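This is the structure I have questions about; it appears just below.
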Amino acid sequence: MKSEMLKNNPFEKKQKLEEALRKSFHQIPSETNDVHLYATILLARKEACRKQSRSRISFTRFLARQIPLIGWKLWSVQAVFLLLACGILSDSSGYLKSPLRLAKLLFCLSITVFMTALPFLYRSVRYRMQEIEAATHFSSVRLLLAKLIVIGIGDISLLVSIFLATLVKMSLSPDITVIYLCFPFLLSGSGCLFMLGHFPPNRFFAGSFLFCFGLILVFAVLPGQYALLFYPSFSVIRTVLCVLLFAFCAYQLHYIVNISSYEKMQIA
């Protein structure tokens, strides 16, 4: 009975195993131990690199994964906004037959298109996710770039839809309609992108919202005799302004991705 208990004793088995390992270790030459050690280190490094490379994904796949996270929410909000805009453009009362009123409406709608994306740019700050995003493989800047691409897809689709609805429902030439939609959109976008690269998150959201809302008020209440940009004769000036604003937006995007201290401002 006592011999059976000794056989089943796990502590005694552990001692015998340790003694056997010590004996086998002392029997191996030190040169062999060093060789095996370095070989084990190399194998461990290869395995770690293989797992790391397997776990990484390309930026394109990462961008595709952002659509289920923020894309459908943003695009749903913009779809509702498009339905409201089409209802306003229907204008059964005839109020928008005046070219100046129609131009002001398109200006305000274009700025509001950009404003629909502001809450989604502020989403990380609202949920306090800046530190986690900064520690990811793609960093805060790459995450922001992915968000801006998703937002850009939605904004362009919405602007094109408003453009087509205007052509169907209103008697306005296509080239003038494009300028009326692009100029205020680029103007609001240039100001907001500038604040995104230079302001901390809280000040960016408040500043961008006030800037866009201020532009809407200016274009809505601007008297007809001072609204020179609304007249078709100034289409060349508006085109030049659109080109300059597009170049400024492209520079601000380059500044945010490659030059600015965007990550530090997010976690400050």
Side-chain angles (χ1 to χ4, degrees), residues 67 70-122 147-192 205 208-243 245-246 249:
I67 295 177
I70 65 169
W72 69 272
K73 296 179 183 178
L74 171 64
W75 298 340
S76 300
V77 172
Q78 291 181 334
V80 175
F81 175 77
L82 177 61
L83 294 176
L84 295 175
C86 290
I88 295 173
L89 289 171
S90 297
D91 186 34
S92 58
S93 63
Y95 179 78
L96 295 176
K97 287 184 178 180
S98 168
L100 181 59
R101 291 173 183 171
L102 179 57
K104 287 184 176 183
L105 174 64
L106 292 178
F107 268 54
C108 295
L109 287 178
S110 179
I111 296 172
T112 310
V113 167
F114 191 87
M115 290 180 70
T116 57
L118 291 179
F120 294 91
L121 290 174
Y122 186 69
K147 290 179 184 178
L148 290 177
I149 292 174
V150 174
I151 289 170
I153 293 172
D155 287 351
I156 292 173
S157 302
L158 188 52
L159 288 175
V160 171
S161 301
I162 295 175
F163 168 77
L164 295 176
T166 305
L167 293 183
V168 171
K169 300 177 183 295
M170 298 294 168
S171 57
L172 196 64
S173 62
D175 55 339
I176 297 298
T177 306
V178 169
I179 297 298
Y180 281 171
L181 290 174
C182 288
F183 171 71
F185 179 81
L186 292 173
L187 181 59
S188 58
S190 61
C192 293
F205 180 76
S208 298
F209 182 82
L210 291 175
F211 177 71
C212 293
F213 188 71
L215 288 178
I216 291 176
L217 288 180
V218 169
F219 288 129
V221 303
L222 196 65
Q225 61 268 29
Y226 299 109
L228 297 178
L229 287 174
F230 294 114
Y231 293 106
S233 57
F234 288 87
S235 59
V236 176
I237 296 177
R238 289 193 298 267
T239 304
V240 173
L241 289 175
C242 286
V243 173
L245 288 173
F246 180 81
C249 290

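For this chain, numbers begin at 1 and follow the sequence in order. Small disclaimer: the values here were computed from a predicted structure and weren't measured.
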All heavy atoms of Thr112 vs all of Cys108, minimum pair found to be OG1-O, 2.7 Å
If I take atom CG from residue Leu106 and atom OG1 from residue Thr166, how far apart are they, to the nearest 0.5 angstrom? 4.5 Å
Heavy atoms of other groups near Phe211 CZ, more than 12 under 6.0 Å: yes
Only pairs under 3.5 Å count here: list side-chain donor-acceptor contacts from residues 150-162, not counting sequence neighbours, and write none if there are none.
unit_1, atom_1, unit_2, atom_2, d
Asp155, OD1, Gln78, NE2, 2.7
Ser157, OG, Ile153, O, 2.8
Ser161, OG, Ser157, O, 2.8

Rounding to 0.5 Å, atoms CZ (Phe81) and OG1 (Thr116) come to a distance of 7.0 Å
Interatomic distance, Tyr180 atom OH to Leu109 atom CG [nearest 0.5 angstrom]: 14.0 Å
Can you find a pair of side-chain heavy atoms, one from Pro174 and one from Leu167, that are under 4.5 Å apart? yes
Which heavy atom of Cys86 sits nearest a heavy atom of Lys169, and at what distance? O-CE, 3.7 Å
Evaluate Met170 against Thr177 for side chain to side chain contact (heavy atoms under 4.5 Å, CB included), listing each step before the verdict. CA-CA 10 Å; Met170 298 294 168; Thr177 306; over 6 Å; no
Rounded to the nearest 0.5 Å, what separation is found between the CZ atom of Phe205 and the SG atom of Cys192? 10.5 Å
Could you give me the CA-CA distance, side-chain angles and deciding distance for Leu187 and Leu241, then say whether side chain to side chain contact (heavy atoms under 4.5 Å, CB included) is met? CA-CA 9 Å; Leu187 181 59; Leu241 289 175; over 6 Å; no
Can you name the nearest heavy-atom pair linking Ala117 to Leu74, along with the distance? CA-CD1, 4.1 Å
When the ring planes of Phe114 and Phe185 are compared, do they come out parallel, tilted or perpendicular, using 30° and 60° as the limits? perpendicular
Show the nearest heavy-atom pair for residues Leu186 and Cys242, with the distance to one decimal. CD1-O, 3.4 Å
Quick one: pull up CZ in Phe219 and CG in Leu105 and give me the separation to the nearest 0.5 Å. 13.5 Å
Which heavy atom in Ile179 sits nearest to a heavy atom in Pro184, and how many Å separate them? O-CD, 4.0 Å
For Phe107, does its backbone N or O pair with a side-chain atom of Ser110 as donor and acceptor, under 3.5 Å? no
